**Q** 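Have a look at the structure that comes next, please.
Here, residue 1 is the first one in the sequence, and each next residue gets the next number. Numbering of ligands and ligand atoms starts at 1, following listing order. This structure is a prediction, so every number in the text was calculated from the model and none was measured. Worth knowing before you read on, the calculation uses all heavy atoms, side chains too, and leaves out hydrogens, waters and symmetry mates.
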Amino acid sequence: MAVPATANATSVLTTAAAPVASVTGGGPFVNASLYVGDLEHNVNEGQLYDLFSQIAQVVSVRVCRDQAKRSSLGYAYVNFSNPQDGNLVNVDFILLIVCTFIDFCIIRCKCDGGSEFYSFEWKPIRIMFSHRDPSIRKSGYANVFIKNLDTSLDNKALHDIFAAFGTVLSCKVAVDNNGQSKGYGFVQFENEDAAQSAIKRLNGMLINDKQVYVGLFVRHQERIRANGSPKFTNVYVKNLSDTQLMRTLRKFLALMVPTSAVVMKDQNGKSRCFGFVNFQNPDAAAAAAEKLNGATINNDKAWYVGRAQSKAERASELKTKFEQERISRYEKPRGANLYLKNLDENIKDEKLKELFSEFGSITSCKVMLDHQGLSKGSGFVAFSTPEEASRALIEMNGKMIGRKPLYVAVAQRKEERQAQLQAHFAQIRATGGMSPLPSGIPGYHPGAPQQLYFGEGTPGMIPAQHAGYGFQHQLMPGVRPGFASNFIMPYHLQRQGQPGPRMGTRRGGNPHQMRRQQLLHRNNNPGYMGNNPGYMGNARNGIDSFSVPQGLVGPMMPLPFGVSGNPIDIQQPVIISTLASALASASPWTRNEMLGGHLYPLVERLQPDHVAKVTGMLLEMDQTEVLHLIESPDALKKKVCRWIHIERVLWTKFQISKRVTEIASEITNDFTSISPPPVIVGVATGAFLFLADLVRQIQLPVSVDFIRAESYGSGTKSTGAPTISMDLKLNVEGKHVILVEDIVDTGSTLSSLIAHLKFKGASSVSVCSFLDKPARRKVHFELVGDGKYYLGFECPDHFVVGYGMDFAELYRNLPYIGVLKPEYYKQFDLS
Ligand SMILES: O=P(O)(O)OC[C@H]1O[C@H](OP(=O)(O)OP(=O)(O)O)[C@H](O)[C@@H]1O
Ligand SMILES: Nc1nc2[nH]cnc2c(=O)[nH]1
């Protein structure tokens with residue numbers, strides 16, 4: 001059966017309707033998170049926010065980054081407003097749209113040289129619903145591989161074809177650096193049945209006259225395993241002692257007749273103890289590996305003899321092996337693996353085993369070491385059952401081992417932990433309050449005091465404290481005994497007896513909080529920037545909470561108490577260098593919390609209605625930028641105001657940039673053989689950004705000038721016939737003019753300007769406007785001579801700002817184009 005690319009999609013769809021509804025898995029869809037992969041490494045949170053905000057309200061975006069270098073790992077999570085908050089009634093539907101459309105949209109910003117020169121190219125990204133368990137994404141579950149694809153088929157076409165068999169979680173045609181299809185692709189379904197049915201129906205079919213192979217995706221390693229070891233002729237030999245030079249090597253390999261053999265040496269000619277032996281035929285190479293691998297000579301270290309691999313191959317194999325080991329560490333029976341921290345450096349594997357063996361049968365036990373073989377102070381102990389692990393956790397958590405109190409938690413995979421915490425945090429941001437930690441987080445006990453805030457982020461959740469065996473807080477800097485803090489809510493939200501939002505508890509607090517209050521009043525030891533209302537800026541004490549960041553303080557923060565234990569001048573601004581160094585010693589999660597704690601009350605002063613959302617957005621910025629905002633009220637004010645005035649973004653800077661590139665190339669093509677080259681006339685002020693972006697991409701020797709015509713003043717309504725308040729510097733007589741505008745609205749500005757240029761003798765007048773709002777056209781304009789009309793986008797009937805366009809001279813510098821909230825221009829409305 002031939003399956004032509006577009007027609008086939010429809011015919012397949014009719015035979016097996018795409019189960020759109022199944023996206024929700026049959027029930028209400030509560031996971032409002034997307035996984036976004038295959039991102040270029042310079043794509044950042046802001047760009048993703050811009051992109052996804054076009055679809056629905058984004059609560060947070062997190063680009064996953066390398067912990068040390070902070071470079072992007074090429075994937076991110078985008079959290080949308082939860083349907084339960086009432087903002088989005090039908091999030092699953094919206095996400096379906098995102099998955100279907102944005103999957104085929106493209107983000108790649110490529111640096112072409114100097115950092116200021118960016119051009120934007122387009123490349124597909126991978127989008128799917130975020131799975132709690134990221135291994136689903138990686139495991140190849142319900143993942144179909146398609147080979148011999150016609151190279152004209154793109155992601156969308158592939159999606160259309162395969163969506164007929166079930167919900168497609170992700171779909172991708174492999175492309176080379178130039179965006180050309182490599183002729184194969186992958187489709188990951190929601191379930192195996194869909195994958196099997198696609199394979200059954202499509203394998204061997206013709207798509208665009210090419211017979212495709214469609215089969216279950218098999219990982220590279222498994223393929224190798226299934227096909228047996230690959231043939232090889234080059235053998236790698238390791239563990240050659242200094243004395244075993246060429247001669248010995250040749251002697252041992254003589255039987256197999258190598259064509260060449262080499263022992264690698266350093267600059268001084270000293271053996272590096274490994275070498276390569278090449279054979280003419282693969283059988284001899286295999287025989288050499290089989291015979292000599294593990295051989296020992298003169299009681300030296302056993303030789304390793306095996307297939308020589310390229311560096312990349314080896315690296316990839318090691319990576320896979322490491323990843324598998326890592327996964328298997330966590331795939332011990334759920335809850336049976338414990339994570340340990342704050343381990344005394346002198347404790348080694350054996351000692352650890354001894355310490356924990358009384359609680360059950362230990363299946364593995366490891367102290368993590370650095371590259372010098374020294375303890376990193378952390379480790380894992382796995383038991384054969386979760387019950388044993390739980391016993392050990394209760395007994396050992398907080399116990400003094402050597403010189404330090406031990407920290408014990410149920411181990412969690414990093415991705416799982418991050419995804420859960422992130423979703424939780426996003427929820428808090430979205431609702432502006434506290435939400436319970438998701439159930440299922442190991443060690444979390446609803447209702448029990450949580451103390452996440454005080455530990456550094458760990459691969460496990462900190463368990464609730466067992467009475468009598470609690471973590472020995474008095475031993476930890478900055479931690480008070482006897483209570484645990486709410487880990488996430490900026491402190492002032494937990495304060496008592498004052499106006500403003502309060503989360504989670506009634507006035508007076510729950511018994512736990514009251515007890516905490518009492519403890520705080522009694523104890524004024526230095527070391528805890530506690531929740532003593534007397535010291536916090538609030539409505540009652542008249543202290544300006546804006547100048548006194550009141551967020552929670554991280555584990556190592558020096559606290560605003562004098563040596564006597566009395567509070568020091570609390571008007572003192574936050575000491576950024578101190579905060580910065582506390583951040584440096586914190587985990588990413590704690591870091592976010594610390595910054596959030598400081599930022600939240602500051603943002604609240606500026607934007608009480610959207611405090612959670614705005615704080616969340618700010619927290620996605622680079623840490624240094626966030627620190628700058630905490631330190632500088634002016635900068636924060638500017639930043640916050642920039643965001644809150646915009647109702648929604650219509651075109652992101654990527655979309656703008658892409659369109660500008662397209663228009664510039666149209667103009668280049670149209671004017672290449674026209675003489676003299678055109679004069680590009682920007683209509684000041686609005687066109688300044690568009691003009692600057694455009695001319696830099698026009699590949700012709702153009703001249704540039706400006707003209708100004710004013711009709712809007714500081715309002716949103718045209719005041720009628722525009723006046724030319726600044727004329728051209730250049731003489732345009734006999735020249736081809738391209739008038740560059742940011743927006744055509746009623747058309748009166750353009751029609752006046754065209755008439756003016758015609759009067760000045762331009763031989764042609766073209767118009768290049770980034771936006772056109774046809775719904776508001778009042779005055780018709782005509783181009784001059786062979787003039788052409790170039791347009792970026794048609795604009796809906798809203799007053800828009802950004803990318804050069806202003807309201808009362810503000811917002812021109814927004815990199816995107818958005819709709820200004822009416823309340824920000826209402827009072828100026830001249831109508
Ligand atoms: O089609 P119209 O109804 O005439 O409106 C379009 C004009 O309005 C804006 O300019 P504005 O007068 O606001 O000045 P600006 O360029 O300084 O922003 C815009 O830059 C256009 O020039
Ligand atoms: N900033 C701005 N200027 C305009 N001039 C005409 N229409 C508009 C608009 O929508 N926004």
**Q** Any idea which atoms of ligand 1 are less than 4.0 Å away from a heavy-atom of Arg812?
**A**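 Selected atoms, number and element: 15 (P), 17 (O), 18 (O).
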**Q** Tell me the contacting part of Ala687 for ligand 1: side chain, backbone, both, or neither, using a 4.0 Å heavy-atom threshold, strictly below.
**A**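 It is neither; nothing of Ala687 touches ligand 1.
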**Q** Does Arg605 reach the main-chain N or O of Pro601 with its side chain, forming a donor-acceptor pair under 3.5 Å?
**A**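 No; judged by distance alone, with no hydrogens or angles, the pair does not exist.
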**Q** Which of these passes side chain to side chain contact (heavy atoms under 4.5 Å, CB included) with Lys760: Val737, Asp727, Leu730?
**A**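 Filter result, single survivor: Asp727.
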**Q** Which atoms of ligand 1 are found less than 4.0 Å from any heavy atom of Thr746?
**A**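 So the atoms of ligand 1 that pass are 1 (O), 2 (P), 3 (O), 4 (O).
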**Q** Does an N or O from Glu741, backbone or side chain, lie closer than 3.5 Å to an N or O of ligand 1?
**A**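 Yes, there is a polar N/O contact under 3.5 Å.
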**Q** Which of the numbered atoms in ligand 1 are under 4.0 angstrom from any heavy atom belonging to Thr749?
**A**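 This gives 2 (P), 4 (O), 5 (O), 6 (C), 7 (C), 22 (O) as the contact atoms.
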**Q** Would you call Phe807 a ligand 2 contact, heavy-atom distance under 4.0 Å?
**A**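 For ligand 2, residue contact (heavy atoms, under 4.0 Å) with Phe807 is absent.
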**Q** Any idea which heavy atoms bring Ala684 and Phe706 closest together, and the distance?
**A**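 It is CB-CD2, 4.3 Å.
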**Q** Can you name the atoms of ligand 1, numbered from 1 with element, that are less than 4.0 Å from a heavy atom of Asp806?
**A**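 The list of qualifying atoms is 18 (O).
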**Q** Would you please classify the geometry between the Phe770 ring and the Phe793 ring as parallel, tilted or perpendicular, with 30° and 60° separating the classes?
**A**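 Phe793 vs Phe770 ring planes: perpendicular.
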**Q** So, does Val744 sit close enough to ligand 1 that a heavy atom of it is under 4.0 Å from the ligand?
**A**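 A heavy atom of Val744 does come that close to ligand 1.
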**Q** Before signing off on this row, confirm whether Val683 and ligand 1 have an N or O atom pair separated by under 3.5 Å.
**A**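 No: no nitrogen or oxygen of Val683 is under 3.5 Å from one in ligand 1.
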**Q** Could you list the atoms of ligand 2 found under 4.0 angstrom from a heavy atom of Asp745?
**A**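 Listed by number with element: 6 (C), 7 (N), 8 (C).
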**Q** Would you check whether Gly747 has a nitrogen or oxygen atom less than 3.5 angstrom from a nitrogen or oxygen atom of ligand 1?
**A**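 N/O-N/O distance under 3.5 Å: yes.
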**Q** With heavy atoms under 4.0 Å as the rule, classify the contact between Asp742 and ligand 1 as side chain, backbone, both or neither.
**A**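 The answer is the side chain of Asp742.
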**Q** Check Val800 against ligand 2 and report side chain, backbone, both or neither, counting heavy atoms closer than 4.0 Å.
**A**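 Answer for Val800: both.
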**Q** Aromatic contact between Tyr803 and Tyr816, with the criterion being ring centroids under 6.0 Å apart: yes or no?
**A**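 They do not qualify: ring centres at least 6.0 Å apart.
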**Q** Any salt bridge linking Asp745 with Lys773? Criterion: basic side-chain nitrogen under 4.0 Å from a carboxylate oxygen.
**A**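 Result for this pair is yes, salt bridge flagged.
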**Q** Go through the steps for Glu782 and Lys758 under the test salt bridge (charged side-chain N to carboxylate O under 4.0 Å, His left out), then give the verdict.
**A** CA-CA 11 Å; Glu782 261 175 28; Lys758 193 173 176 185; over 6 Å; no
**Q** Report yes or no: does Arg708 have a heavy atom closer than 4.0 Å to ligand 1?
**A**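 The answer is no, since Arg708 has no heavy atom less than 4.0 Å from ligand 1.
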**Q** Give a yes/no verdict on whether any heavy atom in His798 is under 4.0 Å from an atom of ligand 2.
**A**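 Within the 4.0 Å threshold, so yes.
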**Q** I want to confirm something. Looking only at heavy atoms, which of Met805, Lys773, Glu741 is nearest to atom 10 (O) of ligand 2?
**A**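 The nearest heavy atom belongs to Lys773.
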**Q** What atoms in ligand 1 come closer than 4.0 Å to a heavy atom of Ala684?
**A**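 Checking each atom against Ala684, I get 16 (O).
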**Q** So which bit of Glu809 gets within less than 4.0 Å of ligand 1, heavy atoms only: side chain, backbone, both or neither?
**A**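 None of Glu809 does.
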